[in-house]
Amino acid sequence: MTELLSNYVAGRWQSGTGAGTPLFDPVLGTELARVDATGLDLPAAFAFAREQGGNALRALTYRQRAGLLAAVVKVLQANRDAYYEIATANSGTVKNDSAVDIDGAIFTLGQYAKWGDALGDVRALRDGDAAKLGKEPVFQSQHLQVPTQGVALFINAFNFPSWGLWEKAAPALLSGVPVIVKPATATAWLTQRMVKDVVDAGVLPAGALSIVCGSSAGLMDALQPFDVASFTGSAETAAVIRSHPAVAQRSVRVNIEADSLNSALLLPGAAPGSDAFNLLVREVVREMTVKSGQKCTAIRRVLVPAKLYDAAAEAIGAKLAGISVGNPRNESVRMGSLVSRAQLDSVREGLDALAALDALAAQTTVLHDGRDKPLVDADPAVAACIAPVLLGARDADAAQRVHDVEVFGPVATLLPYRDLAHGIALAHRGQGSLVTSLYGSDDAALAQAALAVAPSHGRVHVITPEVAQAHTGHGNVMPMSLHGGPGRAGGGAELGGLRALDFYHRRAAVQASPGVLAALGL
Ligand code: NAP
């Protein structure tokens with residue numbers, strides 16, 4: 001039997017009373033550990049976090065809480081090597097891909113520590129200037145933001161066990177709100193180990209950070225009106241969460257990050273081999289292959305002027321041909337595995353939906369298929385590895401499923417557009433996405449296109465030759481920029497600097513004399 005990972009709730013480590021659900025090495029197929037949350041007293045766990053954790057955190061100022069984040073950074077940095085080992089074993093990722101999750105988390109925490117320090121020694125935040133309520137300024141309204149007096153429940157997806165926790169926990173803890181995280185079962189080990197290290201280091205007050213590994217049963221039921229819930233995962237589970245009585249009846253605030261059919265758009269006028277063309281090709285290949293395409297922000301639809309369709313297919317295919325796939329422990333491997341055999345099945349199903357073998361039913365054709373190359377150091381009957389596949393559809397409007405089905409793996413579809421208006425309309429066909437990237441060299445045209453796509457995207461990443469070395473990557477979520485998108489993407493909003501604190505605060509207006517308002521000390 002492998003180790004049963006403990007849950008940390010109500011200030012102590014507690015094991016579930018069930019047999020547990022196994023976690024596997026997705027390359028070797030071996031069992032690594034088990035998780036179980038059976039029998040935990042969740043109402044008591046939430047009450048402990050809400051009262052002990054919340055009171056202790058809110059007793060501190062923003063600057064002091066920023067100090068806690070800095071201390072967490074030190075703990076995580078000290079244990080980085082162990083995290084890389086766990087990521088290799090449980091997520092099947094090569095080192096560079098593990099870095100996106102592990103170092104991305106540490107970087108994000110560090111940023112919030114810095115921004116929080118600048119907020120100073122206050123316990124509430126001013127929201128705009130006071131406005132007079134009558135003709136004379138004797139009675140005024142001052143808006144302010146105060147930390148919500150509840151817990152923040154995070155229900156996370158399998159693809160970012162590290163960053164998924166810390167990009168949410170950084171603004172929550174800085175706001176004075178205790179955190180209870182429920183990682184996705186398949187990759188819960190890394191999240192559990194990080195929480196364990198932070199708890200063991202004793203750098204956070206009791207109740208500030210809890211973890212429940214295993215089933216999600218009962219978590220939403222434990223939420224009360226001033227709690228908040230932040231969910232990342234599939235649209236189906238998001239619908240369950242949205243309709244839960246905690247949200248529908250008790251007004252628990254929720255943030256949803258769901259799936260997204262992100263696009264990349266090459267503006268008209270770029271010739272094959274031009275800087276803009278090459279930058280698009282490079283980014284598409286990177287996005288298809290980093291973390292084997294298991295990024296909510298990855299490029300799924302590639303929009304190019306119709307006359308460049310063949311050249312783009314050739315250039316992207318040529319680069320994909322150089323990607324070696326297999327066991328991440330082998331130095332020559334560029335792309336490791338998906339997180340599980342279940343995900344491999346799901347990617348294969350998605351590929352079938354887009355490019356069914358039945359030619360009549362197929363909405364796309366296969367432009368590049370890396371699957372005929374052998375895996376490196378991995379058994380195809382065991383490993384959850386799949387090579388990149390580039391699909392294409394010459395009639396971008398008719399290929400409805402390409403705009404509907406998110407294949408959560410190394411798969412993207414090339415789509416030609418007639419003119420820029422058509423290209424922008426196709427980007428909007430994602431029904432709300434996390435990010436789109438635009439490629440070109442005409443500043444004015446790019447700016448117009450950015451404004452045109454912005455209403456259906458949380459982030460617009462514009463790449464010109466002058467930012468070729470400096471840009472941060474289409475799919476990289478930087479803490480300075482908004483993460484989240486409207487519509488299908490879930491309608492959520494994370495990060496974006498201190499804007500992230502809004503979710504964990506309550507806005508109130510205090511109506512009073514200037515003297516009372518001044519005494520608020522904001
Ligand atoms: P999922 O099946 O919806 O699971 C997500 C989380 O919800 C897991 O922790 C899961 O726990 C939990 N869960 C399952 N059923 C639940 C229920 N009835 N009530 C409460 N929680 C429940 O999603 P996934 O397949 O793991 O994640 C992949 C998807 O996430 C992709 O579509 C991807 O686009 C999306 N994603 C979005 C973002 C973003 O920021 N927008 C980031 C990453 C991923 P168990 O694991 O124990 O089942």
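Taking 4.0 Å as the cut-off between side-chain N and carboxylate O, Asp259 and Arg300 do not count as a salt-bridged pair. Using a 4.0 Å cut-off between charged nitrogen and carboxylate oxygen, Asp352 and Arg348 do not count as a salt-bridge pair.
Geometrically, Lys168 does not engage Phe503 in a cation-pi contact defined by less than 6.0 Å to the ring centre and at most 45° from the axis.
A donor-acceptor pair shorter than 3.5 Å cannot be found between the side chains of Thr38 and Thr17. For Asn262 and His457, the side-chain atoms include no donor-acceptor pair closer than 3.5 Å. Judged by distance alone, the side chains of Asp377 and Asn327 never bring a donor and an acceptor atom under 3.5 Å apart.
A donor-acceptor pair is defined here as one N or O able to donate and one able to accept, closer than 3.5 Å; such a pair exists between the side chain of Thr297 and the backbone of Gly475. A distance-only check finds a donor-acceptor pair linking the side chain of Tyr309 to the backbone of Ala393 [under 3.5 Å]. Using modelled atom types, one side-chain atom of Arg401 and one backbone atom of Ala353 make a donor-acceptor pair closer than 3.5 Å. Proximity of a side-chain donor or acceptor of Arg371 to a complementary backbone N or O of Ile386 within less than 3.5 Å is not detected. The closest donor-acceptor contact from the side chain of Lys295 to the backbone of Val290 lies at 3.5 Å or more, if one exists at all. In this structure, the side chain of Arg193 does not engage the main chain of Ala82 through any donor-acceptor pair within 3.5 Å. Listed for the Asp275 side chain is no donor-acceptor partner under 3.5 Å among the backbone atoms of Pro465. Checked by atom type and distance alone, the side chain of Ser243 pairs as donor or acceptor with a backbone atom of Val240 at under 3.5 Å. Formation of a donor-acceptor pair under 3.5 Å by the Arg34 side chain with backbone atoms of Thr2 is found in this model. Under a 3.5 Å cut-off, the side chain of Ser162 and the backbone N or O of Asp101 do form a donor-acceptor pair.
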Quiz item: Which is it for Asp310 and Arg394 under the salt bridge (charged side-chain N to carboxylate O under 4.0 Å, His left out) test, yes or no, and what are the steps along the way?
Solution: CA-CA 10 Å; Asp310 292 324; Arg394 281 194 188 269; 2.8 Å; yes
Quiz prompt | Ile316/Val285 under side chain to side chain contact (heavy atoms under 4.5 Å, CB included): CA gap, chis, key distance, verdict | solution = CA-CA 7 Å; Ile316 296 168; Val285 172; 4.0 Å; yes
Quiz item: Does the side chain to side chain donor-acceptor pair (under 3.5 Å) test come out yes or no for Tyr84 and Asp103, once each step is laid out?
Solution: CA-CA 10 Å; Tyr84 273 82; Asp103 293 324; 2.5 Å; yes
Practice problem: Could you go through the side chain to side chain contact (heavy atoms under 4.5 Å, CB included) check for Lys373 and Val325 one step at a time? | Solution: CA-CA 9 Å; Lys373 271 204 305 195; Val325 183; over 6 Å; no
Exercise. Please report the C-alpha distance between Met194 and Asn79 in whole Å, then the side-chain angles of each, then the deciding distance to 0.1 Å, and finally whether the side chain to side chain contact (heavy atoms under 4.5 Å, CB included) criterion is met.
Key: CA-CA 8 Å; Met194 289 178 141; Asn79 293 284; over 6 Å; no
Practice problem: Decide yes or no on side chain to side chain contact (heavy atoms under 4.5 Å, CB included) for Leu173 and Leu209, but give the supporting numbers first. | Solution: CA-CA 9 Å; Leu173 294 171; Leu209 182 61; 5.5 Å; no
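Distance check, rounded to the nearest 0.5 Å: CG of Asn255 to OG1 of Thr232 gives 7.5 Å. Separating the CG atom in Leu165 from the CD atom in Glu167 is a distance of 9.0 Å, to the nearest 0.5 Å. Between Lys95 atom NZ and Ile102 atom CD1 the span is 9.5 Å, to the nearest 0.5 Å. To the nearest 0.5 Å, atom OG1 of residue Thr436 and atom NE2 of residue His428 are 9.5 Å apart. Separation of atoms CZ (Arg429) and CD (Gln400) is listed at 4.5 Å; rounding is to 0.5 Å. Summarising the geometry, atom CD belonging to Glu314 is positioned 12.0 Å from atom CG belonging to Leu308; distances are rounded to the nearest 0.5 Å.
Contact between Met478 and Leu495 at its shortest, heavy atoms only, is O-CD1, 4.3 Å. Across all non-hydrogen atoms, the minimal contact from Pro183 to Thr191 is CB-OG1, 3.5 Å.
Using a 4.5 Å cut-off on side-chain heavy atoms (C-beta onward), Leu190 and Asn90 make no contact. Side-chain contact check for Val339 versus Asn159: every heavy-atom pair is 4.5 Å or farther apart. In this structure, the side chains of Thr93 and Pro328 stay at 4.5 Å or more apart for every pair of heavy atoms. A heavy-atom distance below 4.5 Å is not found between the side chains of Val254 and His244. By the 4.5 Å heavy-atom criterion applied to side chains, Val72 and Val203 are counted as neighbours. Within the 4.5 Å cutoff, the side chain of Ser332 has heavy atoms near those of the Val376 side chain.
Between Tyr8 and Trp13, the ring planes lie tilted relative to each other; the angle falls in the 30° to 60° range.
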